[in-house]
Amino acid sequence: MGTGERNQEAHVSEGSTGATSRAAAGATSRAAAATAPRTLAESLRARSDASLAALLRIRPDLLNPVPSDLTQLATRAGTRASVVRALERLDTFALQTAQVLAVAPEPAPYEAVRALLVGDDGDAAVESALPGALAALREQALVWGGDDRLRLVRTARELLAPSPHHPSPTGLGPTVAEATAGMSPGRVQEILRAAGLPATHDPVSAVTALTSLFTDRARMAELLDSAPSEALTVLDRLVWGPPYGEVSADPPPPVRWLRDHGLLLPASARTVVLPREVALHLRAGRAHRTTEPVPPAVAPLREYRPQVVDAAAAGQAFTALTTVEDLLAEWNEGGPAVLRSGGLSVRDLKRTAAALDTSERTAAFWLELAYAAGLLASDGEADERYAPTPEYDAWLELPPAERWARLAVAWLAATRTAGLVGEQDAKGRTLSALGPDLDRSPAPEVRHRVLTLLTTLPEATSVEPGSLLARLRWEHPARSGPGDLRPRLAQWTLSEGELLGVTGRGALTTHGRTLLAPATGAAEREALGLLAAKALAPHLPEPVDHVLLQADLTAVAPGPLRRPLAAMLGVLADIESKGGATVYRFTAGSVRRALDAGQTAADLQAFLTEHSRTPVPQPLSYLIDDVARRHGHLRVGAASAYVRCDDEAMLGEILADKRSQPLRLRRLAPTVLATTAEPAALLDGLRSMGYAPAAESAEGDVLITRADARRTPRRAAPAPVPDGPPRPDETLLDAAVRAIRAGDTAATVVRKEQPEAAAGAPGALPRTSSAETLATVQAAAMTGSAVWIGYVNAEGAASQRVIAPVRVEGGFVTGYDHTADEVRTYALHRITGVAELPDPA
């Protein structure tokens, strides 16, 4: 065989192989088209159980109530409210991909979507991220179909497609076909002639020819080369959107040229629009000016040693505990009144801020934190006031680290937003601390996400806030806008986390990282709190059991005091300053307060001797003895109120004092004075005059007053307001998927052909006689096969079901109901008819 013959044979062989390959490819394509899903329901039906569970996990609103079958699930997934919620969960690139699908022809092949995203120049990052974005859209049932026939859910397409009233984020306008839909055939032919195209016989072919021109890069380049330079300037202003522009009745020559050549098409009498095909040519094929396939990096600000961060946060955590204790100690005898509309008044908030020596915004944070942790509530009385709850007493008995963990866990899960205090709502009303309108559902998600992003930085590294906000905007672009609270929530998270000690110097702590593990319930969150407490405990300062008494009637606590010592010292002295060491000052009033609480001078002297590392100074001993000597010398009771004293001269001195005039005292006996004032007012008035009276009971005994006597009834902590339906747990997901599959099996099962008399109208319930019904279900019970029945319940509601009978007796049939995915019992007389299912092929 010659060389030429061998070459010819090779060519023939290659040609035969190519033809065979093309034929095989064509057959494969036809087979794929035949098996491709035609609806979203068919696409869902082809999914695995794990994929269905993932869809329900991401879009929990589809579960309420559980769909009866996959057709109902697909219908619910296409509702406007559900699609809007799903779009809000998309990141920037997934949303841009959905926007491209909304402007691409339907169905769109993968290559068309890729071309609209990367343009003529290409983009490796976009091409690498596109499969993941499409997979995310498919997982959420926003896109269905294979890569050769991608379809966006109809509702999503309606929301994202460009229209005059709702411009697309891509800035693209309508297609040539859409823009010329109401145009006269003669005008379309004029545009064809101006563009140098031959006339056609009908408008459809004319629009097709014009579209072909605008999508042909070479021919479009020639057309634009012939355009006036001013016309190109007009196109530049419209190319990235908005694509609409106003024109006068007599437009200038550049606009007239563009309109004559179809590069601008009339949208109304005074408005023109840039067709989508023209804009894409001018954009070099790209749908978006800037495509963002990669999330912006969270930038570090400053790096510290981990020990420094944990130590700084531990100090702040201890300060947080002290602040909450001081706040509730201020309200131990009953806090401020509750406003009629709910919440705390501005005056009371200012007073609380002054008592805590902090700003009003920070005071509002501590109030909301105590409220979220269930330590503070209203008492529910007629004269409603705030007070600590019984849970507060139990909280005080916990170790410091566990007390902190309770606060941190409550903060992470709370939807109440202290940062809004002092601002106005939509009706112009000022939002008050502890008020009813501070819940913001996204708050827990934003807090958790901000702290999670801190874990992406090197350990003990603070974050640059601008980069953090940019990352959050990329993750949820659909929610961004002037009214978006998420950036402010992120900033509040950084500042509140620092106040609480979750972060230190702007960096996430070791114990803060422990709180971020996934948790679906209160028990799991509590377990994470205990782990965080265990990590924090070594960094907290050890409580001390002593103070240093000084001659200037002060005591210095060199560290945090043990609880019994701190409680007693808080009654006996007033806190003068806080910091690394707390300074207490003893005064006549503070000593009298301790005596009112039931202590004696000997008790106080013994207490100070036991807990002071220095001898009790003589001035302090004299102060205690002097106040105790005068304490109880006067007795005040209710008559409305009276004063009795064995020293008649002292009572005369009180009556003669001008400062007693507001009390309106009068002598009832040589040793008794009476007044119409309340006993509490009389006590305060005499003490302001320098006396040390004691209150007494109706029996004449001295009353012991305690500062911690006021508590609310037992109250539950406020429940967070969820952002949509709660995320389902795995047990619910598994049961829901099985129920949907069972319902779908019942809805799509094929029945054996029935006689026309028995079958009735298409889609109607089967009709069989009682004898036929009984015989068929008995046979099915014996063979273990399933049958299709029509059933009417006691309320008269008719349904169709697929059951596998197990037992037939006493006028009832018991079997496994594939529709309900459980064993049920049905009355035979309510079964309208029965039909056998076909044998499997």
Side-chain angles (χ1 to χ4, degrees), residues 314-315 317-333 355-356 370 373 375-376 387-407 533 536-537 540-550 553-587 589-617 620-621 623-624 627-628 631 703-711:
F318 185 80
T319 301
L321 294 178
T322 305
T323 304
V324 172
E325 292 172 21
D326 291 346
L327 166 65
L328 297 178
E330 283 286 324
W331 293 5
N332 254 342
E333 296 180 355
L356 297 179
L375 309 180
L376 172 68
T389 64
E391 185 66 22
Y392 170 63
D393 297 313
W395 179 76
L396 287 176
E397 300 302 320
L398 296 174
E402 292 186 24
R403 279 188 280 140
W404 175 87
R406 288 280 295 277
L407 297 178
L536 173 65
L540 290 175
E542 284 292 330
V544 297
D545 60 354
H546 65 274
V547 294
L548 305 175
L549 295 176
Q550 302 185 101
L553 297 181
T554 61
V556 178
L561 298 176
R562 293 184 184 274
R563 175 136 306 281
L565 173 57
M568 183 59 197
L569 198 58
V571 176
L572 180 56
D574 298 323
I575 295 178
E576 190 170 80
S577 65
K578 298 179 181 179
T582 304
V583 178
Y584 293 85
R585 178 165 294 280
F586 299 93
T587 65
S590 68
V591 173
R592 184 179 63 244
R593 186 169 63 230
L595 295 173
D596 286 343
Q599 301 293 323
T600 65
D603 293 337
L604 299 180
Q605 296 280 8
F607 169 78
L608 293 175
T609 302
E610 179 184 356
H611 292 97
S612 175
R613 290 291 177 88
T614 59
V616 179
L620 180 55
S621 295
L623 175 65
I624 294 173
V627 175
H631 186 264
L703 288 175
I704 297 175
T705 58
R706 300 186 182 277
D708 57 349
R710 185 71 175 266
R711 288 292 181 269

K.L.:
Please report the shortest heavy-atom distance between A594 and V571, naming the atom on each side.
P.N.:
CA-CG1, 3.7 Å
K.L.:
Can you check whether L407 reaches W395 side chain to side chain, under 4.5 Å on heavy atoms?
P.N.:
yes
K.L.:
Kindly give the heavy-atom pair with the smallest separation between L540 and A317, and that separation in Å.
P.N.:
CD2-CB, 4.5 Å
K.L.:
Does M568 form a side-chain contact (heavy atoms from CB on, under 4.5 Å) with L604? I'd like the steps, not just the answer.
P.N.:
CA-CA 10 Å; M568 183 59 197; L604 299 180; 3.6 Å; yes
K.L.:
Run the side-chain hydrogen bond (donor to acceptor under 3.5 Å, both in side chains) test against T319 and tell me which residues pass, sequence neighbours left out.
P.N.:
none
K.L.:
Once you round to the nearest 0.5 Å, how far does OG1 of T389 lie from CG of L375?
P.N.:
5.5 Å
K.L.:
Got a list of side-chain donor-acceptor pairs under 3.5 Å for residues 396-404, not counting sequence neighbours?
P.N.:
from : atom 1 : to   : atom 2 : distance (Å)
R403 : NE     : L398 : O      : 3.2
R403 : NH1    : E325 : OE2    : 2.2
W404 : NE1    : L500 : O      : 2.6

K.L.:
Check side-chain hydrogen bond (donor to acceptor under 3.5 Å, both in side chains) between R592 and all other residues, then give those that pass, not counting sequence neighbours.
P.N.:
none
K.L.:
With a 3.5 Å cut-off and sequence neighbours excluded, list the donor-acceptor pairs that the side chains of residues 541-550 form with protein atoms.
P.N.:
from : atom 1 : to   : atom 2 : distance (Å)
H546 : ND1    : R613 : NH2    : 3.4
Q550 : NE2    : T554 : OG1    : 3.1

K.L.:
Test of understanding: with side-chain hydrogen bond (donor to acceptor under 3.5 Å, both in side chains), list the residues that count as partners of T322, not counting sequence neighbours.
P.N.:
none
K.L.:
Between L376 and V324, is there a side-chain heavy-atom distance shorter than 4.5 Å?
P.N.:
no
K.L.:
Check ring pair (Phe, Tyr, Trp, His ring centres under 6.0 Å) between H611 and all other residues, then give those that pass, not counting sequence neighbours.
P.N.:
F607
K.L.:
Report the residues that fulfil side chain to side chain contact (heavy atoms under 4.5 Å, CB included) with T609, sequence neighbours left out, ordered by chain and then residue number.
P.N.:
V616
K.L.:
Looking at residues at least two apart in the chain, or sitting in another chain, which of them share a side chain to side chain contact (heavy atoms under 4.5 Å, CB included) with A566?
P.N.:
L561
K.L.:
Name all residues meeting the side chain to side chain contact (heavy atoms under 4.5 Å, CB included) criterion together with A387; count only those two or more places apart in sequence or in a different chain, and write none if there are none.
P.N.:
R710, T712
K.L.:
Does L608 reach the side chain of F586, with side-chain heavy atoms less than 4.5 Å apart?
P.N.:
yes
K.L.:
Roughly how far, to the nearest 0.5 Å, is OH of Y584 from CG of L569?
P.N.:
5.0 Å
K.L.:
Who pairs with T587 by side chain to side chain contact (heavy atoms under 4.5 Å, CB included), at least two apart in sequence or on another chain?
P.N.:
D574, R585, S590
K.L.:
Tell me, do V591 and Q599 make a side-chain contact under 4.5 Å, heavy atoms counted?
P.N.:
no
K.L.:
How many angstroms lie between atom CG of L572 and atom CG of L620, to the nearest 0.5 angstrom?
P.N.:
7.5 Å
